[in-house]
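One structure is given here, and the rest of the page talks about it.
Only heavy atoms go into these numbers, but all of them, side chains included; no hydrogens, no water, no symmetry mates. Keep in mind that this is a model prediction, so the values were computed, not measured.
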Amino acid sequence: RLDRGRSNLLYGDYTTSSNDFNLANYNRSLTGAKAHYEEGAVKANAWVAYGETSQVVDEIRGAGMSGPYSVSSPNGIKGSEKVELIVRDRFQPGVILQATTLTRFSDYEFEVFNGRLLFRSPVPSVDSNNNPVSIRITYEVDGGGKRFATAGADAVVRINQAIAVGASIAKDNNPDAEYLVLGVMGEAKVSDAIRLKAEIAQSKGRPSVGQGIVPANLADEGNAISLEASYEIDSLRVRATASKADVGFHNNNAIVSEGRTEAGVQVAYRMTPSLALSADLRHSKSDIDKTKANGVELAADYAVNDKLTVGGGVRQAKQDTGSLVIAGTTCNAAGSYAGSIDGYNGAGFGLNPNAGQVINSNTGTGVACATGLPANAVAGSTVSSTGVFARATYDVNEKFGLFGEVQSDKATSAGNSNTTATYALGAEYRPYDQTRVYLRHEQVRGLAGLYGLGVGDKSNLTTLGVDTEYM
């Protein structure tokens with residue numbers, strides 16, 4: 001490696017990822033040449049590799065144990081892997097809430113010859129809010145065939161202190177899965193309080209895929225767009241996002257999956273030192289499953305004292321029943337359930353009902369989902385729900401806290417309606433700075449979507465966990 005100032009030139013192992021792009025980011029671990037230039041207002045990278053490797057992305061549901069977890073290919077190249085713990089929204093599995101990158105040796109061991117992954121600590125199946133936790137492994141495999149070139153470049157130019165523009169391109173000439181992804185972005189700081197960012201991208205072909213996922217047409221082509229805006233002053237924070245990807249747009253590193261539209265607005269306003277108001281609006285649509293969901297939550301929270309906070313609000317959602325998630329799983333009901341809101345009791349729970357389940361990284365749902373839903377379902381119906389809720393948190397002392405929430409909602413679908421009360425109770429104990437023990441019990445709808453609103457008989461879920469390192 002040769003260095004000059006902030007610029008460098010190297011030959012060896014490197015990664016291609018660029019954090020400046022949300023849609024066109026291309027993340028590979030390759031061996032070849034890479035140049036980085038950074039001077040003044042310009043930051044740029046260019047890289048090229050020549051070999052027969054291809055990328056595989058596997059995602060496996062956490063099983064509450066340290067392993068071993070098996071990946072789909074035993075031909076992985078040692079040192080090429082990127083291992084992440086992914087926390088997905090329990091009611092919208094396609095939405096990633098948190099991604100934590102782990103470090104080899106200190107966090108895990110990867111036995112490439114037998115395709116097994118072993119962690120230093122157990123990987124939970126859910127987090128403390130019952131959101132599903134999975135392991136995503138991105139690694140290179142030796143194709144053993146004809147050698148080919150993979151190359152790319154990206155650059156960001158800061159026009160002034162307020163405006164920056166950039167472009168990215170990557171081309172994989174794998175004869176079995178030729179792939180191209182490119183994009184442009186722009187961001188602006190309109191004022192100290194307002195920030196904007198926009199990006200468009202296009203992909204051609206389909207990158208290699210992981211276990212249990214059947215590749216679609218390798219000649220797929222599609223576009224994607226993302227928009228972000230934020231406004232922040234002392235007492236008010238507003239954030240709006242919107243992303244859309246065509247059917248045919250493929251990039252495992254993009255913030256939106258193929259055929260999906262995700263949009264939302266979050267508002268937080270502190271009216272007084274004790275009173276906080278918030279609003280949350282969401283829109284989600286799948287062009288593949290032909291489902292959509294819209295919802296809004298309005299809430300107020302009041303700090304009675306430094307120990308007790310109470311709050312409440314109203315939630316409303318209108319959702320296609322095919323978009324709802326079966327309680328306690330990563331399976332949705334698309335194509336299987338779209339009718340009666342009564343008589344569903346198909347969700348069961350154990351210590352680990354979905355241990356080691358293979359997850360489709362593009363959708364967040366299980367590859368093999370057995371729904372077991374009613375046979376008399378009516379296709380194409382929607383469920384409209386309106387709920388009111390109350391919640392409270394109480395810190396007994398600096399180490400021990402309690403929380404609870406109760407919700408009553410009325411769901412209407414296919415001319416039928418019913419009212420159901422659900423609740424969640426829990427406690428958290430923090431014996432040390434980096435350690436917490438948590439217990440949560442909740443009663444939820446059998447099929448639920450935005451804000452836990454949905455249909456079906458009630459199911460119970462209890463979670464007990466210890467968080468010391470990862471989450």
Are [X] and [Y] close enough for a salt bridge, meaning some N to O gap below 4.0 Å?
{"X": "Lys244", "Y": "Asp246", "answer": "yes"}
{"X": "Arg28", "Y": "Glu140", "answer": "yes"}
{"X": "Lys197", "Y": "Glu199", "answer": "no"}
{"X": "Asp301", "Y": "Arg391", "answer": "yes"}
{"X": "Arg440", "Y": "Glu428", "answer": "no"}
{"X": "Glu297", "Y": "Arg315", "answer": "yes"}

Any heavy-atom pair between the side chains of [Y] and [X] that's under 4.5 Å?
{"X": "Gln202", "Y": "Glu221", "result": "yes"}
{"X": "Leu85", "Y": "Leu102", "result": "yes"}
{"X": "Tyr14", "Y": "Leu30", "result": "yes"}
{"X": "Glu228", "Y": "Asn22", "result": "yes"}
{"X": "Glu81", "Y": "Val71", "result": "no"}
{"X": "Arg90", "Y": "Asn129", "result": "no"}
{"X": "Thr138", "Y": "Asn27", "result": "no"}
{"X": "Ile169", "Y": "Leu180", "result": "yes"}

Just by modelled atom types, is the [Y] backbone N or O under 3.5 Å from a matching donor or acceptor in the [X] side chain?
{"X": "Ser203", "Y": "His250", "result": "yes"}
{"X": "Gln319", "Y": "Ser385", "result": "no"}
{"X": "Thr291", "Y": "Asp320", "result": "no"}
{"X": "Arg430", "Y": "Asp433", "result": "no"}
{"X": "Lys34", "Y": "Thr15", "result": "yes"}

Quiz item: Sequence neighbours excluded, which residues qualify as side chain to side chain contact (heavy atoms under 4.5 Å, CB included) partners of Asp3?
Solution: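 With neighbours one apart ignored, the set is Arg1, Asn8.
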Practice problem: Evaluate the ring planes of Tyr69 and Phe119, with Trp represented by its six-membered ring, and classify them as parallel (under 30°), tilted (30 to 60°) or perpendicular (over 60°). | Solution: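 Answer is perpendicular, since the angle exceeds 60°.
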Quiz item: If you draw the axis of the six-membered ring of Phe110, does the NZ or CZ of Arg104 fall within 45° of it and under 6.0 Å from the ring centre?
Solution: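 That pair does not qualify as a cation-pi contact.
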Report yes or no: do [X] and [Y] form a side-chain donor-acceptor pair below 3.5 Å?
{"X": "Thr463", "Y": "Asn130", "value": "yes"}
{"X": "Tyr451", "Y": "Asp409", "value": "no"}
{"X": "Ser17", "Y": "Asn25", "value": "yes"}
{"X": "Thr422", "Y": "Gln443", "value": "no"}
{"X": "Asn131", "Y": "Gln98", "value": "no"}
{"X": "Asp13", "Y": "Thr31", "value": "yes"}
{"X": "Glu232", "Y": "Ser230", "value": "no"}
{"X": "Ser125", "Y": "Arg61", "value": "no"}

Exercise. Applying side-chain contact (heavy atoms from CB on, under 4.5 Å), run through Val383 and Leu324 and close with a yes or a no.
Key: CA-CA 10 Å; Val383 55; Leu324 302 179; 4.1 Å; yes
Exercise. Could you list the residues that satisfy salt bridge (charged side-chain N to carboxylate O under 4.0 Å, His left out) with Lys292, not counting sequence neighbours?
Key: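 Salt bridge (charged side-chain N to carboxylate O under 4.0 Å, His left out) list for Lys292, sorted by chain: empty.
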Quiz item: side-chain contact (heavy atoms from CB on, under 4.5 Å) between Asn251 and Tyr179: does it pass, once the steps are laid out?
Solution: CA-CA 10 Å; Asn251 186 359; Tyr179 177 69; 3.7 Å; yes
Quiz prompt | side-chain hydrogen bond (donor to acceptor under 3.5 Å, both in side chains) between Asp58 and Ser72, intermediate numbers included | solution = CA-CA 7 Å; Asp58 292 335; Ser72 61; 3.0 Å; yes
Should the heavy atoms of other residues, nucleotides or ligands under 6.0 Å from [atom1] of [X] be counted, would the total exceed 12?
{"X": "Lys43", "atom1": "NZ", "result": "no"}
{"X": "Glu38", "atom1": "CD", "result": "yes"}
{"X": "Arg237", "atom1": "CZ", "result": "no"}
{"X": "Asp234", "atom1": "CG", "result": "no"}

Practice problem: Let me see the working for Glu262 and Ser284 under side-chain hydrogen bond (donor to acceptor under 3.5 Å, both in side chains), right down to the final yes or no. | Solution: CA-CA 5 Å; Glu262 304 288 350; Ser284 183; 3.1 Å; yes
Practice problem: Report the distance from atom CG of Asn45 to atom CG of Asp20, rounding to the nearest 0.5 Å. | Solution: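 Atom-to-atom, Asn45:CG and Asp20:CG are 9.0 Å apart.
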Exercise. Go through Val181 and Phe21 one step at a time and tell me if the side-chain contact (heavy atoms from CB on, under 4.5 Å) criterion holds.
Key: CA-CA 12 Å; Val181 61; Phe21 299 89; over 6 Å; no
